[in-house]
Amino acid sequence: MKFHRVSIALVVACFATGMNGCTSYQARPIEPAATADQFMARSLEDARLQTYLREHDVPPSRIGWGLNALTWVALFYQPELDAARSKWNIAKAAAITAGARPNPTLDITNQYNVDATTGVSPWTLGPTLALPLETAGKRHARILEAQHRAEAARLELADEAWKVRSQVRNALLRLYPTTSLIEEAQRDEAQLVDVLEHRFREGEASRLDLLQAQLALHQFTLDTQESRKQRAEYRAGLATALGLPAQALDDAPISFDAFKVLPPADAIPIRKARRWALLNRTDVRRALADYRATEAALQGEVAKQYPDVTLGPGVEWDAGQMKWGLGLSLTLPIFNRNQGPIAEARARREEAAAQFFAVQARAIGEIDQTLAGYQQVVAKLATANALLADQRKAATSAQAFYDAGQTDSVDLLTARVELAKAQLDQARTLIEAQEALGALEDALRHPLVGAALNTDVIEHTPRPKDAM
């Protein structure tokens with residue numbers, strides 16, 4: 001009976017030791033009403049946001065919130081980054097799981113012999129310890145695969161950060177001020193209509209001239225109304241890109257200084273940039289990490305051809321006699337040698353290789369296509385700038401002739417309307433050029449104007465858990 005008590009004590013001790021390091025469960029329920037209130041309370045004046053901006057040397061703009069500052073606001077608030085960061089944390093946890101060694105098992109068998117003779121113990125007690133031993137480097141391959149999966153998830157987070165920056169840039173560019181130019185053209189056209197209506201009543205202007213001016217005025221009026229509607233929508237779109245409610249931008253001054261810089265097409269080191277992108281674009285690197293993960297997975301499936309071993313040292317108390325034993329068990333690879341999983345892993349590796357080549361080819365195509373578009377729109381902008389300069393000269397000459405009494409108000413107002421149109425065309429062409437520049441930067445995954453994102457910053461959650 002003494003050995004029986006020792007066995008029970010051993011089981012209790014092992015169980016207590018195993019449970020001592022267990023993690024306890026902590027509930028974190030989500031209350032939709034509370035999270036909605038937290039979202040609606042977000043603002044550009046949040047103290048934690050201001051601290052975050054100071055920590056990363058983002059100075060406040062005297063003019064307003066520009067592209068750089070708004071990008072950092074999005075990095076602070078954007079929930080898409082939180083989701084990508086969570087995926088990376090899952091992948092890192094999977095790497096911990098992959099490195100865990102299998103636990104031994106303790107098997108205790110107790111038997112009682114009711115027909116035991118007098119003087120002989122009726123108990124047969126046999127605690128056996130099973131120690132699983134992995135062979136052929138299976139654990140190493142499993143760890144390697146999980147590490148590459150985690151790296152792929154980290155690169156996906158970095159790629160998501162670039163997408164956030166791109167969305168902020170595009171949303172800010174849509175807000176580029178053109179409404180005032182349309183309103184200016186509308187005012188000049190309205191004055192021209194008033195003059196032509198007066199002249200038409202006096203018989204000094206034709207109905208055709210008046211109708212053409214009225215049609216132009218109606219078109220400017222529609223353009224003004226559409227521009228105002230779009231401006232409200234685009235402002236809400238910018239708030240969405242930042243991870244803020246629309247009301248957070250109601251009184252916020254916006255700066256468009258970032259769009260004043262447009263590098264010449266021939267000044268872009270495209271060969272160097274293309275090679276850099278093919279090696280460093282986050283989606284290319286992520287595809288490479290995925291391929292390396294499939295390589296490690298194939299290595300692990302090949303290793304599974306070789307069986308693991310389980311050692312079973314044990315001791316048995318048999319009718320008063322102590323017996324030591326050592327068991328050995330393994331799976332015999334008789335009916336299959338893991339051919340199916342190996343073939344699947346090999347096919348996945350081929351798929352990952354094809355995916356990597358496809359990502360690289362897509363990157364080359366995007367770079368070449370966006371560069372060609374950028375070169376054309378830069379030339380188009382140069383033409384628009386030249387036309388605007390000529391129209392300014394024409395408007396100045398019309399004003400001078402009018403002041404000298406050599407022309408009438410119709411000629412002056414017509415020149416002003418044409419100048420307003422040229423200014424609007426130039427602004428729209430500038431927006432088109434900045435869109436092309438943004439597309440080229442997206443293809444390179446690197447800014448051509450301004451500083452690059454520090455991917456190390458986005459790896460840490462910028463907000464406390466209670467401020468999600």
Lys/Arg-Asp/Glu bridge criterion (N-O < 4.0 Å) met for Arg142, Glu145 | no
Does the side chain of Gln219 pick up a donor-acceptor pair with the side chain of Asp223 at under 3.5 Å?
-> yes
Gln247 to Met40 - nearest heavy-atom pair and separation = NE2-O, 3.1 Å
Please confirm whether the backbone N or O of Gly99 pairs with a side-chain atom of Arg139, one donor and one acceptor, at under 3.5 Å?
-> yes
Within the side chain of Asn338, is there an N or O that forms a donor-acceptor pair under 3.5 Å with the backbone of Glu301?
-> yes
Those residues that, when tested against Phe256, pass ring pair (Phe, Tyr, Trp, His ring centres under 6.0 Å) (two or more places apart) = Tyr176
Partner of Arg165 under side-chain contact (heavy atoms from CB on, under 4.5 Å), picked from Glu160, Arg445, Glu441, Gln78, is Glu441
Which value, rounded to the nearest 0.5 Å, describes the distance between Lys260 atom NZ and Leu430 atom CG?
-> 11.0 Å
Assess whether atom CD1 of Ile30 is packed by more than 12 heavy atoms of other residues, nucleotides or ligands within 6.0 Å.
-> no
Side-chain donor/acceptor of Arg281 to backbone N/O of Ala443, under 3.5 Å | yes
May I ask you to check if Lys92 and Trp88 form a cation-pi contact, with NZ or CZ under 6.0 angstrom from the six-membered ring centre and within 45° of the axis?
-> yes
NZ on Lys138 to CG on Leu133, rounded to 0.5 Å = 10.5 Å
Can you name the nearest heavy-atom pair linking Pro132 to Pro104, along with the distance?
-> CD-CA, 4.0 Å
Under 3.5 Å, is there a donor-acceptor pair between the side chain of Arg235 and the main chain of Ala246?
-> no
For Glu295 and Gln299, test the side chains for any donor-to-acceptor distance below 3.5 angstrom and give the result as yes or no.
-> no
Considering non-hydrogen atoms only, spot the tightest contact between Ile367 and Ala277 and give its length.
-> CD1-CB, 3.6 Å
Of all heavy-atom pairs linking Leu44 and Leu49, the shortest is O-CD2, 3.6 Å
Flag, side chain of Arg42 to backbone of Pro245, donor-acceptor distance under 3.5 Å = no
Would you kindly say whether Gln434 and Arg169 are connected by a side-chain donor-acceptor distance under 3.5 Å?
-> yes
With side-chain hydrogen bond (donor to acceptor under 3.5 Å, both in side chains) as the test, would you mind laying out the steps for Gln147 and Glu151 before giving the verdict?
-> CA-CA 6 Å; Gln147 289 175 341; Glu151 176 64 10; over 6 Å; no
In terms of heavy-atom contacts, does NZ of Lys272 have more than 12 from other residues, nucleotides or ligands at under 6.0 Å?
-> no
Electrostatic pair Glu344:Arg348 at N-O distance under 4.0 angstrom = yes
Using only heavy-atom distances, determine whether the side chains of Asp290 and Gln355 contain a donor-acceptor pair under 3.5 Å.
-> no
Looking only at heavy atoms, the pair that brings Thr282 and Leu155 closest together is CB-O, 3.9 Å
Is the count of non-hydrogen atoms from other residues, nucleotides or ligands lying under 6.0 Å from Asp250 atom CG greater than 12?
-> yes
Enter the distance from Leu244:CG to Asp46:CG here, rounded to the nearest 0.5 Å.
-> 9.5 Å
Gln339 (side chain) donor-acceptor with Arg337 (main chain) under 3.5 angstrom = yes
Do the side chain of Thr135 and the main chain of Val309 share a donor and acceptor less than 3.5 angstrom apart?
-> no
Does some side-chain heavy atom of Val359 sit less than 4.5 Å from a side-chain heavy atom of Phe356?
-> no
Of all the heavy-atom pairs spanning Val377 and Ala436, show the shortest one and how long it is.
-> CG1-CB, 3.6 Å
Evaluate the side-chain hydrogen bond (donor to acceptor under 3.5 Å, both in side chains) criterion for residues Arg48 and Thr51: first the C-alpha distance (whole Å), next the side-chain angles of each, then the deciding distance (0.1 Å), finally the verdict.
-> CA-CA 5 Å; Arg48 288 166 297 193; Thr51 301; over 6 Å; no
With the side chain counted from C-beta on, respond yes when Leu328 and Thr310 share a heavy-atom pair under 4.5 Å apart, and no when they do not.
-> no
Does a side-chain heavy-atom distance below 4.5 Å link Leu381 with Leu262?
-> yes
Rounded to the nearest 0.5 angstrom, the CG-CG distance for Leu172 and Leu238 is 6.0 Å
What do you reckon, is CD of Glu226 surrounded by more than 12 foreign heavy atoms closer than 6.0 Å?
-> yes
Does a donor on one side chain and an acceptor on the other come within less than 3.5 Å for Asp442 and Ser166?
-> yes
Separation between CG (Leu448) and CD1 (Ile268), nearest 0.5 Å, reads 5.0 Å
Rounded to the nearest 0.5 Å, what's the gap from CG on Leu249 to CG on Leu175? Could you check?
-> 8.5 Å
Do other residues, nucleotides or ligands put more than 12 heavy atoms under 6.0 Å from Arg85 CZ?
-> yes
Yes or no on side chain to side chain contact (heavy atoms under 4.5 Å, CB included) for Asp82 and Tyr77, after CA distance, side-chain angles and deciding distance?
-> CA-CA 9 Å; Asp82 296 330; Tyr77 278 127; over 6 Å; no
Does Ala389 offer a backbone N or O that forms a donor-acceptor pair with the side chain of Gln426 under 3.5 Å?
-> no
